[in-house]
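When reading the values below, keep in mind they use all heavy atoms of this one structure, side chains included, and skip hydrogens, waters and symmetry mates.
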Amino acid sequence: MLGGTVEGKEAAVADATVSDLVVARLADWGVNRVFGYSGDGIDGVMGALRRAGRPEFVQARHEETAAFMACGHAKYTGGLGVCLSTQGPGAVHLLNGLYDARLDSQPVLALVGQQVTSVLGSGYQQEIDLVRLYGDVCAQFVQTAYTAEQLPMLLDRAIRTALATRSPTCVILPHDVQTAPAPDLDAHQHGIMVTNPGLPVPELRPRADDLRAAADLLDAGERVAILVGQGARAAAGEVVELAEALGAGVTASLLGKPVLDEGLPFHTGVMGHLGSTASSMLMSECDTLVIVGSNDPWSEFYPAPGQARAVQIDIDGRRLGMRYPVEVPLLGDAAETIRALLPLLTPRSDRSWRQRVEGEVTRWRDIARQRATAEAEPVNPQYVLHALTDRLPGDAQVSVDVGSVTYWYARHLRLPVGVDAHLSSTLASMGSALPYGLAAKLAAPHRPVVALAGDGAMQMSGLAELLTVAHRWRDWADPRFVVLVLHNRDLAEVSWEQREMEGDPRFVDSQRLPDAPYALWAELLGLHGLRVTTPGEVDTAWDRALSADRPTLIEAIVDPAIPLLPPAQPYEKVATMYEALGREDTDLGRRALAHLRRERASEGFDDPR
C-alpha cells in the first residue's frame with residue numbers, strides 16, 4: 001500500500017513505483033498543489049502526478065518563480081508549500097524562492113531530481129552535489145533518497161521539520177530511485193523505519209512567573225509601544241485589547257502590516273526606513289516596548305538601547321532578544337500569551353501618552369495625503385496606491401514586489417480588515433509579486449487579487465508569469481487579477497539608495513531601464529491593458545480593473561523623482577541625498593531635489609540650501 005489513507009490504499013497497484021508513493025504521501029499530508037517545471041531528472045514524479053490526478057501540478061515559467069509560488073502558498077494559506085524541479089540548473093533556480101521562505105520563516109518542501117545513483121561522483125551531465133548546494137537554505141533538513149525504503153521516512157521527516165521549524169526542507173530523488181518499485185510500507189524488519197504523516201499543533205504558553213514579571217514591567221511603564229509582526233496574525237483582537245489596557249501605541253513591521261486595522265487611531269503604520277513619521281516618534285519616545293511575533297531587522301529604528309524596557313512574545317525561542325535587549329522574554333503563542341497576560345495588568349487611567357500617539361497619527365496621515373496629491377511628472381506614484389485604499393475589495397488578496405512600490409504600499413495603502421497581503425520581506429527579492437499573486441489566486445480562486453510591481457520587477461520575471469495568468473484565468477470563479485506596474489524606466493529604489501547611502505549621483509547605465517509596452521503585452525495575451533498617463537486617469541483605471549471580466553494590467557507612467565525618504569531623520573542623515581542630487585545635472589535630478597525639499601518641509605524640517 002502507498003499511504004495511510006483509504007484513498008492512498010486504493011491507489012496501490014502491483015506495479016506502483018516510488019514516485020507513486022511520493023505523490024500519495026503528499027496527498028496524505030494534505031498537499032493539494034505542487035509548483036514546478038518539468039525535466040528529465042524528475043520525470044518519474046511527473047508521471048505519478050499524471051496518474052494520480054492530485055495534487056494538482058502548476059507549471060511556472062521558471063523554477064525560481066515556482067519556488068516563490070510555493071513560498072506564497074505557505075504565506076497565504078498557512079500550510080505547506082511544495083515545489084518541484086529537475087536536477088542541475090532546475091535545482092539551482094529554486095534557490096532564490098527557497099531563501100525567501102527561509103528568511104520569512106515559511107514551511108516549504110523542495111522535491112528535486114538527481115542523476116541515477118550509479119553515476120554520482122563521476123562529474124556526469126547536470127550532476128551537482130545537491131546536499132551541499134541546499135545545505136544552507138534547507139539547513140533544517142536535506143537528504144538524498146538512496147533506496148526505495150527510505151522515501152516514506154524522508155518525506156515525513158522533511159514535511160514535519162518544515163512545519164515544525166517554519167523553514168524550507170529538501171528531499172533529493174535520484175532518477176533510478178524514483179522509478180524503483182514501491183516498497184512494502186508495512187515491512188517490519190531491521191533497518192526499515194516505519195513512519196506516518198501528521199503533526200499536532202500544541203498550545204504554548206509561558207510560565208506563570210514569566211507572565212507576572214512581564215505584567216509588572218508593563219505596569220511600570222508610562223509610554224508603551226507595541227511592535228507587531230507576522231507572528232501576531234492570529235492575535236489581532238488580543239493585541240488591540242493589550243494596547244487599550246496599556247494606553248499604548250502600535251506600529252507594525254512590514255510583514256505585520258496586515259495584522260491590525262491601520263485605521264485604528266493609535267496605529268502608527270509601518271516602522272523602519274519605509275515607515276511613517278508617527279512610527280518614528282512612537283519608537284523614539286517610548287519607555288516600554290512590547291514586541292509581538294516580529295523579527296524586524298531595522299534595528300536603528302527601534303528605541304535606543306537602554307531607552308526602553310522590553311517584553312518580547314515569540315513562539316520561536318531563537319528570536320527572543322535577537323533584535324533588541326529584552327528584559328522579559330515570553331516563549332509562547334501570541335494569542336495564548338496575551339490572553340494569559342491581560343488579567344494580570346492594571347488598566348491605565350492616564351491617557352496622555354495615547355493622546356500624544358493619536359495626534360502623531362493624525363499628523364502623519366495629513367503628511368501622507370499631501371505627498372500623495374503633490375504634482376509630479378506625469379503621475380505621482382504615491383497617489384496610485386493612495387487611490388486604491390478606498391477601492392480595494394474587502395475579500396481581496398494583495399501581493400507586493402520589491403522596489404519603490406514597497407514604500408508606497410507601506411505608507412499609502414490601508415488594507416481593509418481581512419485583506420491579506422504578502423511580499424518578499426527579509427530577502428527582499430524582486431520578481432515575487434506575480435508568483436505570490438498566482439499562489440494566492442490558485443488557493444482562493446473566488447477572491448480578487450491585486451499584484452503591485454515596478455517595471456524592474458516586471459522585466460525580471462513578471463512579464464513571463466503574466467503568461468501563466470493568461471493561461472489559467474478562465475478556470476477562476478472570480479476572474480479579477482489586477483496587476484499594477486509603476487512604469488518609470490528607473491530602478492528607483494536603488495537610485496535613491498545610491499544617493500542616500502553612498503552620496504553618489506544616479507548612475508544612468510545601471511539604473512535606466514529599457515522601455516516596454518506593458519499594457520500592450522497584456523492585450524496581446526488576451527487580457528485587459530490600461531495605460532495611465534495623467535493623474536485624472538488613476539481612479540477610473542482602478543474602477544475599470546476591479547470590475548473587469550478578466551485579468552487587467554494597469555501601466556501607470558510615474559515620476560522617478562519622488563524621494564524614498566526615511567521618516568523623521570535629522571539633516572545629517574539626508575545630507576548625502578542633497579549632495580548627490582546637487583551633482584546630477586539633469587532635469588530628473590533637479591525635480592528630485594525639489595521633491596526632497598518639499599517632503600522634508602512637510603515633516604517640519606527647514607534644511608540648509
If we ignore hydrogens and angles and just use 3.5 Å, is the side chain of D219 paired with the main-chain N or O of T346 as donor and acceptor? yes
V449 vs V482, test: side-chain contact (heavy atoms from CB on, under 4.5 Å). Steps then yes/no. CA-CA 6 Å; V449 165; V482 183; over 6 Å; no
Decide, yes or no, whether a salt bridge links R318 with D316 under the criterion of side-chain N to carboxylate O below 4.0 Å. yes
Not counting sequence neighbours, which residues clear side-chain hydrogen bond (donor to acceptor under 3.5 Å, both in side chains) with D287? List them please. none
Taking T576 for the side chain and E500 for the main chain, is one N or O donor matched with an acceptor at less than 3.5 Å? yes
What do you reckon, is CD of E203 surrounded by more than 12 foreign heavy atoms closer than 6.0 Å? no
Does anything in residues 409-431 form a salt bridge (charged side-chain N to carboxylate O under 4.0 Å, His left out)? List the pairs, not counting sequence neighbours. R233-D420
Here the gap from I226 atom CD1 to L246 atom CG, rounded to the nearest 0.5 Å, amounts to 5.5 Å
Ignoring hydrogens and angles, tell me if any N or O in the side chain of E377 forms a donor-acceptor pair with the backbone of L588 under 3.5 Å. no
In terms of heavy-atom contacts, L581 and G589 come closest through CD2-O, 4.0 Å
Can you confirm whether R354 sits close enough to F266 that some side-chain heavy atom of one is under 4.5 Å from a side-chain heavy atom of the other? yes
Taking only residues two or more places apart in sequence, or in another chain, which ones meet R391 in a side-chain hydrogen bond (donor to acceptor under 3.5 Å, both in side chains)? D539, D543
Between P168 and L98, the two heavy atoms sitting closest are CG-O, 3.5 Å
N/O donor-acceptor pair under 3.5 Å between D401 side chain and S432 backbone: yes
So, taking the atom named CD in E360 and the one named OG in S280, what distance separates them when rounded to the nearest 0.5 Å? 9.0 Å
Between D478 and R447, does any NZ, NE, NH1 or NH2 come within less than 4.0 Å of an OD or OE carboxylate oxygen? no
What residues form a ring-ring contact (aromatic ring centres under 6.0 Å, His included) with F481, not counting sequence neighbours? W476
If a pair satisfies salt bridge (charged side-chain N to carboxylate O under 4.0 Å, His left out) and one of its residues is in residues 260-286, list it, with sequence neighbours excluded. K257-E262, E285-R356
Counting only N and O atoms by type, is there a donor-acceptor contact under 3.5 Å from the side chain of W496 to the main-chain atoms of M577? no
Separation between CG of L530 and CH2 of W542, rounded to the nearest 0.5 Å: 10.5 Å
Under a 4.0 Å threshold between the charged nitrogen and the carboxylate oxygen, would R212 count as salt-bridged to D209? no
Do side-chain atoms of W298 reach the backbone of M271 as a donor and acceptor pair under 3.5 angstrom? no
Is a side-chain N or O of R480 found less than 3.5 angstrom from the main chain of P448, in a donor-acceptor match? no
Determine whether E555 and I557 make a side-chain contact, defined as any pair of heavy atoms from C-beta on separated by less than 4.5 Å. yes
With the threshold set at 4.0 Å, does a side-chain nitrogen-carboxylate oxygen contact exist between E244 and R351? yes
Would you say S429 and D100 are linked by a side-chain donor-acceptor pair, where the criterion is simply a distance under 3.5 Å? no
When rounded to the nearest 0.5 Å, the distance separating CD of Q106 from CG of L163 is 11.0 Å
Would you mind writing out the side-chain donor-acceptor pairs for residues 594-606 within the sub-3.5 Å range, not counting sequence neighbours?
from: H595; atom 1: ND1; to: R598; atom 2: NH2; distance (Å): 2.8
from: R597; atom 1: NH1; to: P608; atom 2: O; distance (Å): 3.2
from: E599; atom 1: OE2; to: Q382; atom 2: NE2; distance (Å): 3.3
from: R600; atom 1: NE; to: D607; atom 2: OD2; distance (Å): 2.8
from: R600; atom 1: NH1; to: Q569; atom 2: O; distance (Å): 2.5
from: R600; atom 1: NH2; to: Q569; atom 2: O; distance (Å): 3.1
from: R600; atom 1: NH2; to: D607; atom 2: OD1; distance (Å): 3.1
from: S602; atom 1: OG; to: R371; atom 2: NE; distance (Å): 3.4
from: S602; atom 1: OG; to: E599; atom 2: O; distance (Å): 2.6
from: E603; atom 1: OE1; to: A568; atom 2: N; distance (Å): 2.9
from: E603; atom 1: OE2; to: R371; atom 2: NH2; distance (Å): 2.7

Got a sec, which pairs hit salt bridge (charged side-chain N to carboxylate O under 4.0 Å, His left out) with one end in residues 333-344, sequence neighbours left out? R205-E336, E238-R339, E336-R339
Side chain T337, main chain A334, donor-acceptor under 3.5 Å: no
What's the separation between atom CD1 in I554 and atom OG1 in T540, rounded to the nearest 0.5 Å? 10.5 Å
Under 4.5 Å between any side-chain heavy atoms of Y324 and I291, yes or no? yes
Verify, without hydrogens or angle tests, whether Q312 (side chain) and R319 (backbone) share a donor-acceptor contact under 3.5 angstrom. yes
Quick check: do T406 and L274 have side-chain heavy atoms less than 4.5 Å from each other? yes
Test item: V290 and L227 side chains (from C-beta on) under 4.5 Å apart, heavy atoms: no
Is it the case that more than 12 heavy atoms not belonging to E375 sit under 6.0 Å from its CD atom? no
Derivation and outcome, salt bridge (Lys or Arg N to Asp or Glu O under 4.0 Å), residues R363 and D366: CA-CA 5 Å; R363 175 173 173 266; D366 288 340; over 6 Å; no
V311 vs V326 side-chain heavy atoms within contact, under 4.5 Å: no
If only atom types and distance count, is the side chain of R323 paired as donor or acceptor with the main-chain N or O of N295 below 3.5 Å? yes
Quick one: list whatever passes ring-ring contact (aromatic ring centres under 6.0 Å, His included) with Y578, sequence neighbours left out. Y571
Results of side-chain hydrogen bond (donor to acceptor under 3.5 Å, both in side chains) for S276 - residues two or more places apart only: S279
Among residues two or more places apart or on two chains, list those pairs meeting ring pair (Phe, Tyr, Trp, His ring centres under 6.0 Å) that have a residue in residues 389-434. Y76-H422, H273-Y407
Please walk me through it: do S352 and D350 pass side chain to side chain donor-acceptor pair (under 3.5 Å)? CA-CA 6 Å; S352 57; D350 182 356; 2.8 Å; yes
Sub-4.5 Å side-chain heavy-atom contact between V450 and L546: yes
Only counting residues at least two apart or in another chain, list the ones meeting side-chain hydrogen bond (donor to acceptor under 3.5 Å, both in side chains) with T165. S167
I'd like to check L427 versus N96 (side-chain heavy atoms, cut-off strictly below 4.5 Å). Are they in contact? yes
Could you give all pairs that pass the salt bridge (charged side-chain N to carboxylate O under 4.0 Å, His left out) test and reach residues 563-577, with sequence neighbours left out? none
Rounded at 0.5 Å granularity, tell me how far CG in L289 sits from OH in Y302. 8.0 Å
Please assess V384 against L486 for the test side-chain contact (heavy atoms from CB on, under 4.5 Å), listing each intermediate value before the final yes or no. CA-CA 9 Å; V384 181; L486 296 180; 4.2 Å; yes
Looking only at heavy atoms, which two atoms of D104 and L423 are closest? And how far apart? OD2-O, 3.5 Å
